[in-house]
Novice: 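Quick one: the structure is below, questions incoming.
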Number of protein chains: 2
Amino acid sequence: MNQKRELLLNTALDLFYYKGINSIGINEIIKVSGVAKKTLYSHFNGKNDLIMAVLNQRHQVFIKWLEDKLSRPGSDHELIDCLFESLQSWFDGNEQALGSFGGCFFINTSAEFSNQESDISHYCRYHKEQVRQLIQSKLNFKSPDLLNAICLLKEGAITTAYLTGESIEAIQSSKNVLHKIVC
Amino acid sequence: MNQKRELLLNTALDLFYYKGINSIGINEIIKVSGVAKKTLYSHFNGKNDLIMAVLNQRHQVFIKWLEDKLSRPGSDHELIDCLFESLQSWFDGNEQALGSFGGCFFINTSAEFSNQESDISHYCRYHKEQVRQLIQSKLNFKSPDLLNAICLLKEGAITTAYLTGESIEAIQSSKNVLHKIVC
DNA sequence: ACAAAAGTAGAACAACTTGTCTATCATTGA
DNA sequence: TCAATGATAGACAAGTTGTTCTACTTTTGT
């Protein structure tokens, strides 16, 4: 019973993430997953409901991945290196948990749904807040500038890597710059 | 003759930028602009052609705006302040040339068209390159780290401002951090 | 003044969208 | 064993999409 639900969730995430939510119809999801349309509508109230569930699924996976990555480092210097090297590894498609890189799912989704008051936009904002809080909790040097810089450079690196494909230089510069801020 | 073309272009840009390209159909564009459907298809080969023309239009406007903003400052410190204060002003909707803020049109568009080999994605990449080159040409201190940091923080600030709505803190931190890099 | 060009409104079309519904088959728990 | 549950394929309604086309009117250059 829940196997079908998970299958639908994973298939939808794959299709939505790599091809865009508006470009993927219900029919494609059921065709790729091999699940009947009626089964989909018995698990989800509609496409919007499915999108929300997919966002939640991705959020759980991403946060778990990030928590795991940031659990080891001790000093802030190590944390910064660890964070940006993990991002680099993600961009290069070497992070199994996240799948091959297709940008930030939440940024992409937010760009597709321009209505800032929709449930979807709200969830994208929530995700970014959670990521920020996670990074903050791992920092020893509690400086707003440092936290802001880390989050902005991270965001910039993700969108730049997605848009241009290149990222090594950006990651290295981010690390260099941030090391200068840590007292 | 060209009046209709420009009217279509400006109407399409407005609708595409604030509501997303995939969410806006040809019928909406002709309804809002008041131009006949056949006239649209006499000026543009199809929706894709219109999108490319709109991207080009926005690119011209944005580059001209940025060139104007960055023409005054002398030192790199002034350049950094000027750039990020201009961004802040854009986010706040105080830059007439750019209209009210709806994120970066090229990032948003790139997120909607996931096929990285399409004409549309290529143009988005081209725009970002041009912006980077413009900033580079204005910098006295030719440091790759400085240029990368400026571009990444700028990108991060735009997407963060679009997603969360807040930006003042991010802009201030960006300036603080960058001033530490300039020798 | 008049022919050519450029505009108009909107019908038609094929291909798609989400969502509902019918009818049949398989699994399973008591 | 047998009723209940869950899944299946696919037709269907109602709507939207991009695009083409016809028939008519306005603008424009000479």
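This structure is a prediction, so every number in the text was calculated from the model and none was measured. In what follows, every chain begins at residue 1, and chains take the letters A, B, ... in the order their sequences are listed.
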Novice: Closest-nucleotide mapping onto DNA chain C: is Ser23(A) or Asn45(A) further toward the 5' terminus? I mean the 5' end.
Specialist: Ser23(A)

Novice: Determine yes or no for a side-chain-to-main-chain donor-acceptor pair under 3.5 angstrom, with Ser89(A) supplying the side chain and Glu85(A) the backbone.
Specialist: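 Between the backbone of Glu85(A) and the side chain of Ser89(A) there is no qualifying donor-acceptor contact (under 3.5 Å).
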
Novice: Is it the case that atom CG in Leu134(A) sees more than 12 heavy atoms from other parts of the structure closer than 6.0 Å?
Specialist: yes

Novice: Name the residue closer to the 5' end of DNA chain D, choosing between Gly46(B) and Lys38(B) according to the nucleotide with the nearest heavy atom.
Specialist: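 That would be Gly46(B).
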
Novice: Regarding Glu78(A) and Arg72(A), does a basic nitrogen lie under 4.0 Å from an acidic carboxylate oxygen?
Specialist: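 Salt bridge: no.
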
Novice: Looking at the base of dG19(C), is there any donor atom on it, or on the side chain of Lys37(A), that sits under 3.5 Å from an acceptor on the other one?
Specialist: yes

Novice: What is the distance, to the nearest angstrom, from the CD1 atom on Ile30(A) to the C1' atom on dT17(C)?
Specialist: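 Going from Ile30(A) (CD1) to dT17(C) (C1'), I get 12 Å.
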
Novice: What is the distance from CG of Asn22(A) to C1' of dT16(D), rounded to the nearest Å?
Specialist: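 Taking CG of Asn22(A) and C1' of dT16(D), I get 13 Å after rounding.
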
Novice: May I ask you to verify if any side-chain N or O of Lys47(A) is less than 4.0 angstrom from the OP1 or OP2 atom of dT18(C)?
Specialist: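 For dT18(C), OP1/OP2 do have a side-chain N/O of Lys47(A) under 4.0 Å.
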
Novice: Whether His43(A) contacts dG6(D) is assessed here as follows: a side-chain N or O lying under 4.0 Å from the phosphate OP1 or OP2. Is that the case?
Specialist: no

Novice: Between P on dA26(C) and NZ on Lys4(A), what's the gap in Å once rounded to a whole number?
Specialist: 14 Å

Novice: Taking NZ from Lys31(B) and P from dT16(D), how many angstroms apart are they, rounded to a whole number?
Specialist: 10 Å

Novice: Measure the distance from CG on Asp49(B) to C1' on dG18(D) and round it to the nearest whole Å.
Specialist: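 Atom CG in Asp49(B) sits about 14 Å away from atom C1' in dG18(D).
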
Novice: Using whole Å, what does the distance between atom P of nucleotide dA15(C) and atom CG of Asn27(A) come to?
Specialist: 16 Å

Novice: Answer yes or no: are there more than 12 heavy-atom neighbours, outside Gln60(A) itself, under 6.0 Å from its atom CD?
Specialist: yes

Novice: Look at the side-chain N and O atoms of Thr39(B) and state whether any lies under 4.0 Å from the OP1 or OP2 oxygen of dT8(C).
Specialist: yes

Novice: Give the nucleotide from the list dT19(D), dT17(C), dG7(C) with an atom nearest to the side chain of Ile26(B).
Specialist: dT19(D)

